[in-house]
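Below is one structure, written out as structure tokens, with a few remarks after it.
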Amino acid sequence: MRQIWNIARKELSDGLRNRWLLAISLLFAVMAAGIAWFGAAASGQLGFTSIPATIASLASLATFLVPLIALLLAYDAIVGEDEGGTLMLLLTHPLARGQILLGKFVGHGLILALATLIGFGCAAVAIALLVDDVELGLLAWAFGRFILSSTLLGWTFLAMAYVLSSKVNEKSSAAGLALGVWFLFVLVFDLALLALLVLSQGKLNPDLLPWLLLLNPTDVYRLINLTGFEMGANATGVMALGGDLPLTGGLLWLCLLLWIALPLVLAYRVFLRRPA
């Protein structure tokens with residue numbers, strides 16, 4: 001356990017030195033504050049509207065930003081060490097490959113968790129201080145749920161980045177694959193599902209379609225934040241299918257945790273087969 005924490009502390013200090021934590025926190029804070037006060041500008045309104053509407057808008061924003069940041073943070077975690085010649089040095093120490101992988105995951109996970117907490121937490125504090133008659137209990141619960149789910153979504157894509165980084169031999173290849181993973185889960189998957197719905201002309205089993213959302217962690221994340229306010233009835237696009245899922249909120253959280261565990265296990269197995 002001590003070896004894991006030493007590696008995690010090194011990754012955390014690198015993130016602080018490279019301004020990763022500061023940059024991500026500022027990005028989240030600025031975007032969250034902008035969404036909170038100007039999210040309804042398209043309908044001709046300015047200023048804070050409501051907590052559910054703000055969380056729904058922030059969840060849509062985080063679906064694009066958090067996976068991309070997580071992939072950029074960790075795509076070179078293994079292959080970068082290999083290209084720099086430090087991976088072989090690490091493996092000469094009494095460290096198991098699982099300890100190296102888990103230590104890096106903990107370090108990067110702490111950077112992402114702290115940035116999410118600071119960035120979105122600042123927006124919550126600003127709302128509490130500047131908006132009159134806001135329900136502080138509901139605000140704390142809503143943002144706490146949102147920050148936790150956003151952190152778990154980021155950890156999911158961190159784990160995916162480790163799979164890619166353990167598999168390839170060049171950082172450029174890892175970067176290209178990371179962008180491909182982002183496009184697949186954030187953009188392509190839902191478009192493909194919509195195309196499937198249109199092309200099938202109702203021939204697909206309607207009981208099966210909602211379960212397909214669980215194959216995408218970003219959809220699971222959005223379902224968690226929608227069901228938190230019982231907004232599923234107003235959902236559009238593929239999210240409208242989520243209302244037919246016979247799953248409680250707790251099972252959706254469990255599904256998101258599985259999306260972290262399974263890629264991390266796969267990354268470990270791939271890393272074991274990587275030549276030193």
Side-chain angles (χ1 to χ4, degrees), residues 7-8 11-12 14-16 18-32 35 55-78 101-124 142-166 174-175 177-187 189 214-226 228 252-267:
I7 295 173
E11 294 295 334
L12 183 58
D14 286 347
L16 292 173
N18 296 331
R19 303 292 193 271
W20 264 108
L21 180 59
L22 178 62
I24 300 172
S25 299
L26 284 175
L27 176 63
F28 285 166
V30 171
M31 296 301 291
I35 287 290
I55 293 297
S57 298
L58 286 175
S60 297
L61 170 71
T63 300
F64 289 88
L65 279 182
V66 173
L68 181 60
I69 289 172
L71 289 166
L72 291 176
L73 191 61
Y75 78 92
D76 62 344
I78 303 299
L101 188 68
L102 191 57
K104 285 181 169 292
F105 180 79
V106 171
H108 288 140
L110 284 175
I111 292 173
L112 198 56
L114 287 172
T116 305
L117 177 62
I118 295 170
F120 293 129
C122 287
F143 268 86
R145 179 190 181 93
F146 169 69
I147 289 170
L148 178 58
S149 60
S150 298
T151 300
L152 294 180
L153 179 66
W155 289 355
T156 297
F157 283 87
L158 280 181
M160 292 183 188
Y162 287 125
V163 177
L164 304 177
S165 190
S166 301
L177 288 173
L179 287 176
V181 167
W182 184 82
F183 273 106
L184 173 63
F185 286 107
V186 175
L187 298 176
F189 184 92
L214 302 182
L215 299 178
N216 187 349
T218 62
D219 286 338
V220 176
Y221 166 77
R222 285 190 287 178
L223 284 173
I224 287 173
N225 285 285
L226 285 176
L252 288 174
W253 284 97
L254 178 60
C255 185
L256 195 55
L257 289 173
L258 286 174
W259 264 109
I260 299 171
L262 294 178
L264 199 56
V265 171
L266 179 60

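Note: L148 CG to L153 CG = 11.5 Å, rounded to the nearest 0.5 Å. With rounding to the nearest 0.5 angstrom, the CG atom of L179 is 12.5 Å from the CG atom of L184. Taking CD1 of I7 as the reference point, atom CZ of F105 lies at 14.5 Å (rounded to 0.5 Å).
A donor-acceptor pair is defined here as one N or O able to donate and one able to accept, closer than 3.5 Å; such a pair exists between the side chain of S165 and the backbone of A77. Remark: the backbone N or O of V163 is not paired with any side-chain donor or acceptor of S166 at under 3.5 angstrom. One N or O on the side chain of Y162 and one on the backbone of K104 form a donor-acceptor pair closer than 3.5 Å.
Side-chain atoms of L187 and F64, non-hydrogen and from C-beta on, do get closer than 4.5 Å to each other. The shortest side-chain heavy-atom distance between L112 and T151 does not fall under the 4.5 Å cut-off. Proximity of W155 to L264: side-chain heavy atoms (C-beta onward) are nowhere separated by under 4.5 Å. The closest side-chain heavy-atom distance from V106 to L110 is below 4.5 Å. Using a 4.5 Å cut-off on side-chain heavy atoms (C-beta onward), L252 and L214 make contact. Between F185 and D219, the closest side-chain pair of non-hydrogen atoms is not below 4.5 Å. For the pair P263 and F157, the minimum side-chain heavy-atom distance is 4.5 Å or more. Proximity of M160 to W259: side-chain heavy atoms (C-beta onward) are separated by under 4.5 Å at one or more points.
Checked against the 6.0 Å centroid criterion, the rings of W182 and Y75 do not qualify as a close aromatic pair.
Taking all atoms of both residues into account, the shortest heavy-atom contact from L101 to I78 is CD1-CD1, 4.3 Å. In plain terms, the two heavy atoms of C255 and V220 that are nearest each other are SG-CG2, 4.0 Å.
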For this session: I would like to know whether L262 and L266 meet side-chain contact (heavy atoms from CB on, under 4.5 Å); could you show each step before the answer?
Result: CA-CA 6 Å; L262 294 178; L266 179 60; over 6 Å; no
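Each of I69, I147, I118, L117 was evaluated against F28; a single residue qualifies, I69, per the side-chain contact (heavy atoms from CB on, under 4.5 Å) test.
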